[in-house]
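Worksheet: one structure, shown below.
Quick note on labels: first sequence line is chain A, next is B, and so on, each numbered from 1.
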There are 2 protein chains.
Amino acid sequence: MELVKTAQKLEALGNPTRLGIFKLLVQAGKKGLPVGDIQKSLGVPASTLSHHIAKLVNTGLVVQRRESRTLFCVADYVVMQDLIGYLVDKCCVKDSCC
Amino acid sequence: MELVKTAQKLEALGNPTRLGIFKLLVQAGKKGLPVGDIQKSLGVPASTLSHHIAKLVNTGLVVQRRESRTLFCVADYVVMQDLIGYLVDKCCVKDSCC
DNA sequence: AATATGATTCCATAATACTGGAAATATGGT
DNA sequence: ACCATATTTCCAGTATTATGGAATCATATT
């Protein structure tokens, strides 16, 4: 994964609201959570929430699946693992940090 | 590590220039790199670079050590490991991502 | 003291992000 | 067709971030 895209993912997670969203989604597991449930959990206005979710989706960290009127958001573990992998690689290249 | 501070660290790394700086520092190992060397590597104006480094220092991801006129920047592996730990914990709580 | 080097702070500008109400879209039920 | 629900897009306004030249600070050398 290249530097710019990695930075974009980190930036997406680098906001308390979005990190909170992502945390909820990770805890929710593979079936994810409806946007409305996230809204109830976090108490963020629908419009604001939608913007944040869109940012997470744009980076690939979250994917969406529609089930009738309800839109489920799911954390993409593979993308997340890639991101962590990048950080670990960079962090463990030379010295005894791991 | 709490959510807000985690988000701050992610935000600090979530910028291509700063991620580039951090990457250099990680690769440089325990003795770190002088600010001037980073500047030569990245070709960023001194002032701009200083702002970015300050942001990394503020979050604790980078620490500085003065050696005469030269200021060395060093990546803090423990803080980085904490950050990765937070992400891994959140990512591996329930489902089979690891 | 004067000068040079390494780096930061001051300051202003431009760019980007965050926020949220109101209107629009998507889907399903009656 | 009409209404209700779930969510997004439009459209601002406000706030924060990024950028970099010029001035300043910190340290060393002569």
Just the rounded figure in Å: distance from P of D:dA6 to CG of A:Leu33. 15 Å
May I ask you to say what B:Ser50 touches in the nucleic acid, namely base, sugar-phosphate or nothing, with a heavy-atom cut-off under 4.0 Å? base
Side chain of A:Pro45 only, heavy atoms from C-beta on: which candidate in C:dG20, C:dT8, D:dT19 is closest? C:dG20
What are the two closest heavy atoms between B:Thr59 and B:Gln8, and how far apart are they? CG2-O, 3.7 Å
Just so I know, are the side chains of A:Ile38 and A:Ile53 near enough to count as touching, which here means a heavy-atom distance under 4.5 Å? yes
Exercise answer: donor-acceptor pairs, residues 10-26 of chain B side-chain atoms, under 3.5 Å, sequence neighbours excluded:
unit_1  : atom_1 : unit_2  : atom_2 : d
B:Asn15 : OD1    : B:Thr17 : N      : 3.0
B:Asn15 : OD1    : B:Arg18 : N      : 3.0
B:Arg18 : NE     : B:Ala12 : O      : 2.6
B:Arg18 : NH1    : B:His52 : ND1    : 3.0
B:Arg18 : NH2    : B:Glu11 : O      : 3.3

Respond yes when some side-chain nitrogen or oxygen of B:Thr48 is under 4.0 Å from OP1 or OP2 of D:dG20, and no when none is. yes
If every non-hydrogen atom of A:Lys30 is compared with every non-hydrogen atom of A:Val74, which pair is closest and at what distance? O-CG1, 3.3 Å
Do A:Ser47 and D:dT7 share a donor-acceptor pair, side chain to base, under 3.5 Å? no
Candidates C:dT19, D:dG20, D:dA4 - which lies nearest the side chain of A:Arg69: D:dA4
Evaluate the side-chain proximity of B:Lys9 to B:Lys5: yes if any heavy-atom separation is below 4.5 Å, no if none is. yes
B:Ser68 has its side chain closest, among D:dA28, C:dT27, C:dA7, to D:dA28
Please give, in whole Å, the distance from C:dA17 C1' to A:Leu13 CG? 16 Å
Of B:Leu49 and A:Glu11, the one whose nearest nucleotide on DNA chain C sits closer to the 5' end is B:Leu49
Would you kindly give the CG-to-P distance between A:Leu10 and C:dA17, to the nearest whole Å? 15 Å
Measure from CD on A:Gln39 to P on C:dT19 and round the result to the nearest Å. 14 Å
Ordered by number, residues from residues 52-67 of chain A within less than 4.0 Å of DNA chain D (heavy atoms) are A:Gln64
Whole angstrom value for the distance that separates C1' of C:dA17 from NE2 of A:His51: 11 Å
Please report the distance, rounded to the nearest Å, between CG in B:Leu71 and P in D:dC25. 17 Å
Does some side-chain heavy atom of A:Met80 sit less than 4.5 Å from a side-chain heavy atom of A:Asp76? no
Any idea which heavy atoms bring B:Tyr77 and B:Gly29 closest together, and the distance? OH-CA, 3.5 Å
Can a side chain N or O of B:Asn15 be found less than 4.0 Å away from OP1 or OP2 on D:dT17? no
Could you check how far CZ of A:Arg18 sits from C1' of D:dT16, rounded to whole Å? 13 Å
Side chain of B:Pro34 only, please: which of D:dT7, C:dG6, C:dA7 is the nearest? C:dA7
Just checking A:Thr70: base, sugar-phosphate only, or nothing, at a heavy-atom cut-off of under 4.0 Å? sugar-phosphate
